[in-house]
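Comments concern the structure below.
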Number of protein chains: 2
Amino acid sequence: MDIDKLNWKILRCLQENARLSNAEIGRRVGVSSPAVSERIKKMEDLGIIEGYKTIVSPLEVGYQLKAIITLRAFMGKLKPFLEKVKTYDEVVNCYRITGDENIVMEVVLKNQKHMESFIDQLIVYGESKTQIVLSDVVKQKEIKSLK
Amino acid sequence: MDIDKLNWKILRCLQENARLSNAEIGRRVGVSSPAVSERIKKMEDLGIIEGYKTIVSPLEVGYQLKAIITLRAFMGKLKPFLEKVKTYDEVVNCYRITGDENIVMEVVLKNQKHMESFIDQLIVYGESKTQIVLSDVVKQKEIKSLK
DNA sequence: TATCTTGTGATTAATTTTGATAAAAATGCT
DNA sequence: AGCATTTTTATCAAAATTAATCACAAGATA
């Protein structure tokens with residue numbers, strides 16, 4: 001598909017605020033609202049748009065800590081972990097990666113005690129390394145059109 | 001603020017699909033749409049809701065690679081980097097962390113050449129370590145109410 | 001020329017917003 | 001505790017806005 005200038009303009013609006021109305025987007029990008037609606041639907045169908053998420057502040061809802069945890073899985077333990085990780089409420093992002101470690105996760109935790117018990121759960125799957133997040137430098141930045 | 005059962009129900013809807021109408025959310029959680037509207041506005045004002053983002057597929061728009069890059073900043077180079085990183089289109093997430101490395105970033109890249117030139121830019125700020133993302137195991141999972 | 005795509009404008013249905021009112025919860029006083 | 005007052009928050013209804021759908025026109029494609 002051709003993801004043209006107009007679609008990028010629409011995507012820029014939607015990435016910045018997914019709850020904008022089609023009419024408002026249309027006003028901003030200079031096209032009618034049915035056109036916006038149709039283009040959004042098509043981008044959804046094509047998988048360009050994967051979804052619309054609300055960003056909830058972990059701090060405001062009681063998660064005092066954020067951490068990056070990497071895991072070097074034991075022999076035969078990677079696959080079981082890939083299944084198990086989906087059930088952890090604490091894990092907001094998890095990637096399989098190349099290199100020494102197999103997994104990197106972003107997790108939210110209530111407090112030190114919660115962190116301790118969470119890390120304890122990982123022991124059976126491999127060696128984990130925890131790095132506490134001090135601050136968000138860049139958060140959920142939009143994806144830009146490439147030249 | 002009391003983030004009660006009803007607000008969590010609303011947040012669950014919004015995290016799953018930020019573009020649901022207030023009326024539809026109201027139907028699902030059993031209140032009128034003005035009630036939903038008012039509660040959402042209050043959660044926005046209080047910073048519980050940080051925003052509404054559209055998730056764009058990096059692959060579908062031409063970014064073939066995703067990577068996790070950590071940076072161990074040179075003496076005096078951390079602060080300049082924290083400013084510079086905001087200007088990088090490739091960086092979709094960036095955290096300052098504890099431990100050996102100071103920074104962990106999630107980046108999207110067009111190809112190997114692009115990766116090479118991006119990593120080259122980092123050399124002046126510190127030692128970087130790059131891990132290619134093989135797959136998303138868990139992506140942007142919603143934040144749950146804690147018991 | 002014929003066909004396919006995509007935007008516009010119009011119509012109708014649905015939604016949001018606003019203000020008025022009522023119910024519920026919290027607060028204060030005896 | 002018991003009761004009245006205040007505050008908060010929900011509902012309802014009307015008006016304004018928006019979304020979905022349609023026919024049709026303008027370009028692009030074959």
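We name chains A, B, ... by the order of the sequence lines, and we start the count at 1 in each one.
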- So which of residues 11-26 of chain A are in contact with DNA chain C, with a heavy-atom cut-off of under 4.0 Å? none
- Does V137(B) offer a backbone N or O that forms a donor-acceptor pair with the side chain of R96(A) under 3.5 Å? no
- Item | Base-contact (B) and sugar-phosphate-only (S) positions in nucleotides 22-30 of chain D, heavy-atom cut-off under 4.0 Å, - elsewhere | ---------
- Item | Bending between helix ends of the helix from dT1(C)-dA30(D) to dT30(C)-dA1(D) [5 pairs per end, 10° resolution] | 40°
- Item | Flag, side chain of K53(A) to backbone of E142(B), donor-acceptor distance under 3.5 Å | no
- By nearest-nucleotide position on DNA chain C, the 5'-leaning member of S37(B) and E38(A) is E38(A)
- Message: Out of the candidates V92(B), T70(B), N93(B), L122(B), only one should pair with M105(B) under the side-chain contact (heavy atoms from CB on, under 4.5 Å) rule; please name it.
- Response: L122(B)
- Task: Could you tell me whether the phosphate oxygens of dT18(D), OP1 or OP2, come under 4.0 Å of any side-chain nitrogen or oxygen in R27(A)?
- Result: yes
- Take the protein atom CD1 of I3(B) and the nucleotide atom C1' of dT9(D), then report the distance between them rounded to whole Å. 17 Å
- Task: Calculate the interatomic distance between D45(A) atom CG and dT6(C) atom C1'; express it in whole Å.
- Result: 16 Å
- Salt bridge E44(B)-K41(B), side-chain N to carboxylate O under 4.0 Å: no
- Query: V31(B) side chain: which of dT9(D), dT11(D), dG7(C) is closest?
  - Reply: dT11(D)
- Task: Could you list the residues that satisfy side chain to side chain contact (heavy atoms under 4.5 Å, CB included) with S117(B), not counting sequence neighbours?
- Result: H114(B)
- Please name the pair of heavy atoms, one in S57(A) and one in E50(B), separated by the smallest distance, quoted to 0.1 Å. CB-OE2, 3.2 Å
- Task: Salt-bridge test for E83(B) and K79(B): reply yes if a basic N is under 4.0 Å from a carboxylate O, no otherwise.
- Result: no
- Task: Before accepting this row, confirm whether a basic side-chain N of the pair E16(B)/R12(B) lies closer than 4.0 Å to the acidic partner's carboxylate O.
- Result: no
- Examine dT5(C): is either OP1 or OP2 under 4.0 Å from a nitrogen or oxygen in the side chain of K42(A)? Give yes or no. no
- Item | d(CD1, I40(B); P, dT9(D)) in whole Å | 15 Å
- Task: Not counting sequence neighbours, which residues clear side chain to side chain contact (heavy atoms under 4.5 Å, CB included) with Q121(A)? List them please.
- Result: Y88(A), F118(A)
- Set of residues satisfying side chain to side chain contact (heavy atoms under 4.5 Å, CB included) with respect to N102(B), sequence neighbours excluded: R72(B), A73(B), L78(B)
- Query: Whole Å only: how far is the CE atom of M43(A) from the P atom of dT6(C)?
  - Reply: 12 Å
- Is the shortest heavy-atom distance from the side chain of Y95(A) to the side chain of I103(A) under 4.5 Å? no
